[in-house]
Amino acid sequence: MADNNSVNNVFLQRPNDRMIIVQILVIIFLCINMLLILTFIKKESFHTSARYILFSVTLLSDSILLFVSDILVILTYYQFTIQVWLCIISTIFVLMYTFVTPVTLTAMTLECYVAICMPLRHGQLCSTHSTMYCILIIHVLSSGPCIIILSMFFASASLNFYKQSIICSVEAFTLYRWQDHVRSAVFQCYFLIMGTTIAYSYVQIMKVAKAASGDKKKLTHKGLKTVILHAFQLLLCLIQLWCPFIETAVLQIDLRLFIDVRYSNYIMFSIAPRCLSPLIYGLRDEHFFLFCNLLSCICSVMLYFYAFKQNSAVTCHFSGAVYTYV
């Protein structure tokens with residue numbers, strides 16, 4: 001408890017530059033994600049593709065996680081306390097959506113594997129109906145660590161603890177050392193399963209790429225690049241699972257070093273992986289990029305007229321064409 005108070009005091013003594021940087025990054029990535037989610041909603045052809053449906057799940061998951069975790073960061077920074085029951089609800093969102101994105105990335109890699117290595121069965125295995133079941137399975141699997149961690153907490157916490165107000169964090173629900181070990185084992189198990197799945201898919205796609213020719217060869221190479229990007233994004237997400245254990249070890253050495261490490265971890269392994277999904281699909285995918293470009297152009301025109309209410313002409317460049325609005 002003394003360590004927690006010291007950490008919070010250091011947070012209060014730090015300059016506001018770090019908090020401002022975090023807020024700017026979170027706002028930028030949330031705006032980008034909202035634009036892409038709106039793009040997915042408006043374009044009906046995306047609703048029948050498993051790839052785009054799963055992509056929208058990662059966008060929504062990343063947005064929820066960024067929003068909730070950012071609120072917790074602000075509360076911790078300014079030493080606000082909240083009721084335990086409210087902290088439990090926030091922790092459920094943080095724990096579950098921490099895993100939703102990497103599990104969904106693994107599912108997207110499997111979809112890419114089926115499309116390239118099992119093209120005749122792709123329509124059956126990756127139909128819209130099957131994708132809905134897949135999303136349900138993703139959330140069930142992602143809730144596993146949350147259920148385990150909170151079950152250990154409910155079994156060991158006294159009734160008086162629920163009446164308290166605390167500075168909310170996931171670590172607040174780890175009361176004993178053995179709970180850390182269990183959480184570590186669960187995280188490592190997920191890390192191993194998802195990493196093995198990505199590696200297996202990459203190897204199988206590589207085999208098909210070597211035997212392919214012509215247009216199929218181009219398709220398989222594009223699939224390989226996508227799998228590599230998924231693997232990199234998944235690596236960043238999975239490294240985040242190790243951050244609490246690294247921070248716990250650093251806290252025993254030096255308090256200020258702990259603050260620096262926690263800040264760096266939040267930027268690199270919480271915020272950075274959440275910006276890669278828009279880059280992978282929002283910019284690399286031709287259909288998604290074109291429609292997103294048109295939608296952003298229309299939104300900018302609407303904002304222009306609402307902000308200035310002038311009769312000036314506004315010009316948008318989209319897909320080689322020029323659109324002028326008066």
Side-chain angles (χ1 to χ4, degrees), residues 7-8 10-40 55-80 82 90-91 93-105 108 142 167-171 229-244 246-247 250 256-285 288-289 292-293 295-296 299-300 303:
V7 169
N8 294 323
V10 172
F11 265 117
L12 288 173
Q13 296 169 4
R14 303 292 292 182
N16 288 328
D17 294 348
R18 290 185 173 184
M19 185 58 64
I20 293 173
I21 292 173
V22 168
Q23 299 311 307
I24 291 174
L25 291 175
V26 169
I27 290 172
I28 291 174
F29 295 144
L30 282 178
C31 289
I32 295 174
N33 284 359
M34 290 302 104
L35 176 62
L36 293 176
I37 291 173
L38 183 61
T39 301
F40 172 80
F55 173 52
S56 67
V57 171
T58 63
L59 289 175
L60 186 60
S61 168
D62 291 343
S63 299
I64 293 174
L65 182 60
L66 277 176
F67 180 73
V68 177
S69 64
D70 186 53
I71 290 176
L72 294 181
V73 166
I74 294 173
L75 292 177
T76 301
Y77 188 91
Y78 292 106
Q79 217 172 9
F80 287 124
I82 60 176
S90 302
T91 302
F93 279 99
V94 170
L95 284 174
M96 187 171 74
Y97 285 102
T98 295
F99 281 89
V100 165
T101 293
V103 174
T104 306
L105 287 172
M108 293 172 73
S142 301
I167 296 176
C168 188
S169 67
V170 177
E171 289 76 15
L229 288 172
H230 284 333
F232 178 68
Q233 187 180 6
L234 184 64
L235 178 64
L236 292 178
C237 291
L238 294 179
I239 288 177
Q240 182 188 0
L241 305 182
W242 291 80
C243 290
I246 298 173
E247 292 167 2
V250 171
R256 289 193 174 276
L257 179 61
F258 166 80
I259 299 298
D260 293 335
V261 169
R262 168 163 280 193
Y263 173 77
S264 301
N265 286 343
Y266 185 69
I267 295 291
M268 294 175 61
F269 305 121
S270 290
I271 295 181
R274 314 303 166 189
C275 78
L276 289 179
S277 287
L279 293 177
I280 291 174
Y281 278 96
L283 297 180
R284 290 183 70 246
D285 189 273
F288 211 95
F289 177 73
C292 185
N293 191 13
L295 187 62
S296 61
C299 290
S300 64
L303 288 174

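In this text the structure is predicted, and so the values were computed from the model without any measurement.
Scored by the side chain to side chain contact (heavy atoms under 4.5 Å, CB included) test, Ile74 finds Met19, Gln23, Asp70, Tyr78 as partners (sequence neighbours excluded). Residues forming a side chain to side chain contact (heavy atoms under 4.5 Å, CB included) with Ile27 (at least two apart in sequence, or on another chain): Cys31. A search for side chain to side chain donor-acceptor pair (under 3.5 Å) contacts involving Ser69 returns Tyr266, not counting sequence neighbours. In terms of the side chain to side chain donor-acceptor pair (under 3.5 Å) criterion, Ser90 has no residue partners (sequence neighbours excluded). Considering only residues two or more places apart in sequence or on other chains, Ser61 meets the side chain to side chain donor-acceptor pair (under 3.5 Å) condition with Thr101. Every residue meeting the side chain to side chain contact (heavy atoms under 4.5 Å, CB included) condition with Phe93, not counting sequence neighbours, appears here in chain and number order: Ile64, Val68, Ile89, Tyr97.
Rounding to the nearest 0.5 angstrom, the gap separating the CG atom in Leu60 from the CZ atom in Phe55 is 12.0 Å. In this structure, the separation between CD1 on Ile37 and CD1 on Ile32 is 12.0 Å, given to the nearest 0.5 Å. Here the straight-line distance linking atom CG of Leu36 with atom OG of Ser56 works out to 10.5 Å at 0.5 Å rounding. Going from atom CG of Asn33 over to atom OG1 of Thr58 covers 8.0 Å, rounded to the nearest 0.5 Å.
When all heavy atoms of Val57 and Val100 are compared, the pair lying nearest together is CG1-CG1, 4.2 Å. Here the closest heavy-atom approach between residue Met34 and residue Ser63 is recorded as CE-OG, 3.3 Å.
For the pair Ile167/Leu75, no side-chain contact is recorded, criterion being any heavy-atom separation below 4.5 Å from C-beta on.
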